[in-house]
Amino acid sequence: MSDRYNGKDSFEEWAKEWRLEDRYNFKSIESKWQKIWDKEKAYKVEIDKNKEKFYALVEFPYPSGAGLHVGHPRSYTALDVISRKKRMQGFNVLYPMGFDAFGLPAENYAIKTGVHPAVSTQANIKNFTRQLKSLGFSFDWDRCISTCDPEYYKWTQWMFIKFFEKGLAYKDKMAINWCPSCKVGLANEEVVNGCCERCGAQVVRKNKEQWMIAITKYADRLIKDLDSVDFIDRVKSQQINWIGRSEGAELDFGLTDKYGQVLGDKKLTVFTTRPDTAFGVTYMVLAPEHKYVAELADMFENAKDVKEYVDATAKKSDLQRTMDDSKTGVELKGIKAKNPYNGELIPVFISDYVLTGYGTGAIMAVPAHDQRDYDFAKAFDLPIIQVLDGGNILEKAFEEDGPHINSSFLNGMNKEDGMRAAIDYAVKNGFGRSKVNYKLRDWVFSRQRYWGEPIPMVYCEKCGWQPIPESELPLTLPEVPDYHPNDEGESPLSKAGDWLNTTCPKCGGHARRETDTMPNWAGSSWYFLRYCDPHNSKEFASKEALDYWMNVDWYNGGMEHTTLHLLYSRFWHKFLYDCGYVPTKEPYNKRTSHGMILAENGEKMSKSRGNVINPDDIVDAYGADTFRLYEMFIGPFDQVAMWSDESLMGVYRFVGKVYNLFKKVSDTAPSEKDLRAMHKCILEVTERIDQMRFNTAVSSLMEYVNYMSGLEKVPAELYSTLVKLLCPFTPHLSEEMWARLGNTTLVVTESWPKGDPKLAQDNVVTIAVQLCGKMRGTIEMPKDAPRIDVEQAALALENVKKQTEGKEIKKIIVVPNKICNIVV
RNA sequence: GCGAGCGUGGUGAAAUUGGUAGACACGCCAGACUUAGGAUCUGGUGCCGUGAGGUUUGAGAGUUCGAGUCUCUCCGCUCGCACCA
């Protein structure tokens, strides 16, 4: 145990050293205990069925070249505090860390420097690991994983094959979001305001063959099962919003030539949430990309205008298309649509305000009750028929509810009855059906880049797309001559020579490998499962491990992942559940989210602004404990916070105060008042950690320390309780002071103090005295004093006497131990 | 436009959920001490007023013995989605 005694043989010899030294030397203290924890594997965890488990999870970082950001430790420290406290409370705590290691930056770095992504990624992982260890997090490092490790991505590929086998992964040629700067296709979730989430370049449409995963099949369950989990509200509502479920009906409108002659079996199907307004339809609109625009082109009298408009739309970016809300379009002259409710013939237009990807890419326009249709009708001088009573449609569309008018059999009905009647009529007459639509699209899963998981599929002329046999997994990344993607959207893997050619696993004939790779969201969709059993080479995780460790009890991460990683991984997990590979329907019991840390002036920290704070510098100058404690004290955990060097100093002073307080520790017995302060602090800190109110937990500790600073001598019991309560926040300092108190155990494995509410209460209370609700003074009373005593004491106050003189006292309200309010 | 949330000192923020507003910390002011350090310690610090006192939680109203907290109206801010039929 000489490590503990700084190399000295006994406690006494070591004590000689620190009794002289009165400066808080965080450097030697922190490196000393980090070494001891490492050596004793203080945070290693195994399945232990005699203990209740607790699985705490934080989002694993992408190991960027820039290293750790001050934002990372906010989340990591918070769950480290929770994990450490749970451990001290006797739980078997799994708190793992790993690396989400595939991604574009490593590849772009390779293009610039020629360094293989695997090499730079490994170097970055090493640096991140060093940084994380320097902060004293209680991760079980034996479980560290990396998504770019073939032993890991073998299972990512295996799961992709399961998606394919179940028909949920399919290849489709479709218009996708293309980032011309990253030269890569993007999922809908990766497009923010029409721009690439990663680089900010404007996204364009590109027709490409893509692997897709049918997340929309799970849309309803992804909404419904939110009821069974404890996620903060803004996460739930954002996910529900993103999935965008809306109920309505699909209606088929017949198509005719301009004389009303029916065009064979061509039907124009639309989705609407208000089929009950069908009597107000005065025209139809197709998205310019709608297949009928090409199929019926011969019939258009103004084919040239139509083509011009279609071409012009194709050139517009999504952003341009949504920014401009003036309504443009072209009538398809030569055809008409027939309203199945009243048989009327109405004109058909194309316009870019109708989106190709939502519903059927065609709408029935009800200008009286939809502002967009209204604007279009005004621009093209089309009739507007009001079918819901109310508003003033001379000015604008009436979008609220009112009784039906001008609507034949619907007249007089409210919305609910009208909807039912309209759909019943459509079903009976065979031109419609009720239908649920989602904003959520299937997941575009192909990336035309090198540094990702190869998609384990081959194409055979005879057999089509085939998965490679399981025995060939992992399909490792081949070497390529260069990492440049090209503008045609071909992956660097298309230059991989021999690797491309293989045999078809079905017929044995020639086959060619898929050259696209998976998105970086693939590996992170199931990493929490691998942590349960990270070294298993036969399964992605054993049933025993999954049964014991799942679910994740508490998952903290950024809001920016709500409609990306968090949604994808819930979907992925549900799929594995359906296949019988995981025991639970949802992966995470509880989800919380931390606020961002901004620079001192409230701006985002960024390299270009030059205002980035490097955790290494803070640890070097003030120590990990101060850094951790400061990040917990900086403000409400779920809100944005501004970095402040001056506030950091305040916390540093506090930590020094705790260190110096040790010199006053003595064998004296604690007084009743001392115990009150102690138990109050225990109760507050315990409760506040559970509620993630870390900033107020820290202020409780500060009050407790201020109390002790006022004492001549500090009873050892008070100080050792402080050391334990501080342990989740400042584990190094706590460990050192615990040892100096003469203990030979590790404080991180000690038990959490128990607070006694009875001992925390004072037997004298201060009661506020009010006159008509206004504060007039306070009185000291024994706790739970009888009402009559309180009233008398209150009335006896000088101030009260003066102001009640000659007035009638109507009533006196006494709130026990708090308030006495006299009403005159 | 739709959805979620917020508004309290010079600053970051507390407030046991309807019961002494401003805990804790930063900053500032005054003082002490010094082997001048990123010091440390003591006291003060919402605003107006020398004072007694008055006043105060974005603005206004309401409920209540009592409102930062509940209700309504308005103003302002943040985040997410957004021509989603």
Side-chain angles (χ1 to χ4, degrees), chain A residues 23 192-194 232-242 244-246 248 270-274 277 285 287 321-327 351-355 357-366 369-373 375-376 399 437-441 559-560 562-563 595-596 621-622 630 633-636 638-654 656-657 660 683-684 687 693 695-706 709 766-778 810-824:
Chain A
R23 213 170 57 87
V192 179
N193 287 328
I232 51 171
D233 284 344
R234 53 194 173 131
V235 169
K236 282 193 186 183
S237 63
Q238 262 184 46
Q239 288 207 344
I240 291 168
N241 220 278
W242 183 260
R245 184 181 199 275
S246 50
V270 299
F271 172 74
T272 174
T273 52
R274 294 301 299 268
T277 61
V285 190
R321 218 168 138 165
T322 50
M323 289 287 278
D324 184 10
D325 54 3
S326 68
K327 298 287 180 282
S351 172
D352 65 3
Y353 85 93
V354 173
L355 307 172
Y358 184 75
T360 62
I363 61 153
M364 59 177 219
V366 187
H369 305 290
D370 181 294
Q371 193 57 43
R372 295 157 300 172
D373 296 347
D375 294 342
F376 189 86
E399 294 186 315
N437 241 317
Y438 302 93
K439 287 193 216 174
L440 184 72
R441 305 292 144 81
M559 278 309 287
E560 70 275 16
T562 301
T563 53
M596 257 204 302
Y622 303 99
Y630 173 61
F633 188 60
I634 194 167
D638 58 349
Q639 282 169 41
V640 293
M642 272 175 275
W643 185 268
S644 157
D645 284 334
E646 283 174 338
S647 294
L648 177 77
M649 274 307 297
V651 172
Y652 181 66
R653 262 178 235 148
F654 169 75
K657 225 169 171 181
N660 288 325
L683 290 167
E684 285 179 354
E687 185 184 292
R693 289 159 60 212
N695 53 332
T696 56
V698 176
S699 71
S700 285
L701 289 161
M702 286 172 167
E703 279 179 86
Y704 183 44
V705 167
N706 287 345
S709 301
T766 309
I767 294 178
V769 178
Q770 302 180 328
L771 265 179
C772 299
K774 293 211 171 190
M775 265 290 293
R776 293 298 153 183
T778 58
K810 275 197 191 146
K811 60 173 154 174
I812 302 179
I813 290 142
V814 177
V815 181
N817 303 323
K818 279 196 179 130
I819 293 275
C820 176
N821 190 10
I822 300 159
V823 186
V824 292

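Note that the structure is a prediction, hence the values are computed from the model and not measured. Convention: sequence-line order gives letters A, B, ...; per-chain numbering from 1.
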Select one nucleotide: of A23(B), A21(B), C81(B), the one nearest the side-chain heavy atoms of K439(A).
-> C81(B)
Does Q371(A) offer a backbone N or O that forms a donor-acceptor pair with the side chain of E399(A) under 3.5 Å?
-> yes
With sugar-phosphate meaning primed atoms plus P, OP1 and OP2, does S246(A) contact a base, only sugar-phosphate, or nothing at under 4.0 Å between heavy atoms?
-> sugar-phosphate
Ignoring the backbone of N695(A), work out which of A13(B), A85(B), A4(B) is nearest its side chain.
-> A13(B)
Using whole Å, report how far CD of E687(A) lies from C1' of A15(B).
-> 14 Å
From the list A85(B), C24(B), U20(B), which nucleotide is the closest neighbour of the side chain of N706(A)?
-> C24(B)
Could you please name the option among C26(B), C24(B), A4(B) that lies closest to any side-chain atom of R234(A)?
-> A4(B)
Closest to the side chain of T766(A), out of A4(B), A85(B), U20(B), is U20(B)
Identify which nucleotide among A15(B), C83(B), U20(B) has an atom closest to any side-chain atom of A768(A), counting heavy atoms from C-beta outward.
-> U20(B)
Return yes if a side-chain donor-acceptor contact under 3.5 Å exists between D373(A) and Y353(A), otherwise no.
-> yes
Just call it for G650(A): base, sugar-phosphate, or nothing, with non-hydrogen atoms closer than 4.0 Å on any strand.
-> sugar-phosphate
Looking only at side-chain atoms of T273(A), point me to the closest of G38(B), A85(B), G3(B).
-> A85(B)
Sorted by position of nearest nucleotide on RNA chain B, 5' first, the leading residue of M364(A) and W242(A) is W242(A)
Give the rounded distance in Å between these two atoms: CD of Q639(A) and P of C77(B).
-> 18 Å
Taking the side chain of R776(A) as heavy atoms from C-beta outward, which of G54(B), G80(B), A85(B) is closest to it?
-> G54(B)
Nucleotide N/O to protein N/O under 3.5 Å, stretch nucleotides 64-68 of chain B:
unit_1 : atom_1 : unit_2  : atom_2 : d
C65(B) : O2'    : N821(A) : ND2    : 3.2
C65(B) : O2     : N821(A) : ND2    : 2.6

Length of the CZ-P vector between R441(A) and C81(B), whole Å = 14 Å
Starting at CD of E399(A) and ending at C1' of G1(B), how long is that distance when rounded to a whole Å?
-> 9 Å
Verify side chain to side chain contact (heavy atoms under 4.5 Å, CB included) between F654(A) and Y630(A), making sure each step is shown before the conclusion.
-> CA-CA 10 Å; F654(A) 169 75; Y630(A) 173 61; over 6 Å; no
Using a cut-off of 4.0 Å on non-hydrogen atoms, how would the nucleic acid contact of R245(A) be classed: base, sugar-phosphate, or nothing?
-> nothing
Euclidean distance, Q639(A) CD relative to I634(A) CD1, rounded to 0.5 Å | 12.0 Å
Its dot-bracket string being built from Watson-Crick and G-U pairs below 3.5 Å, with | for another strand and [ ] for crossing, RNA chain B has the pattern (((((((..(((......[....)))((((((.......))))))(((....)))..(((((..]....))))))))))))....
Do Y622(A) and G38(B) have a side chain to base donor-acceptor pair shorter than 3.5 Å?
-> yes
The side chain of R653(A) lies closest to which of these nucleotides: U20(B), A85(B), U40(B)?
-> U40(B)
Between M702(A) and I634(A), the residue closer to the 5' end of RNA chain B by nearest nucleotide is I634(A)
Contact class for V354(A) (heavy atom, under 4.0 Å): base, sugar-phosphate, or nothing?
-> base
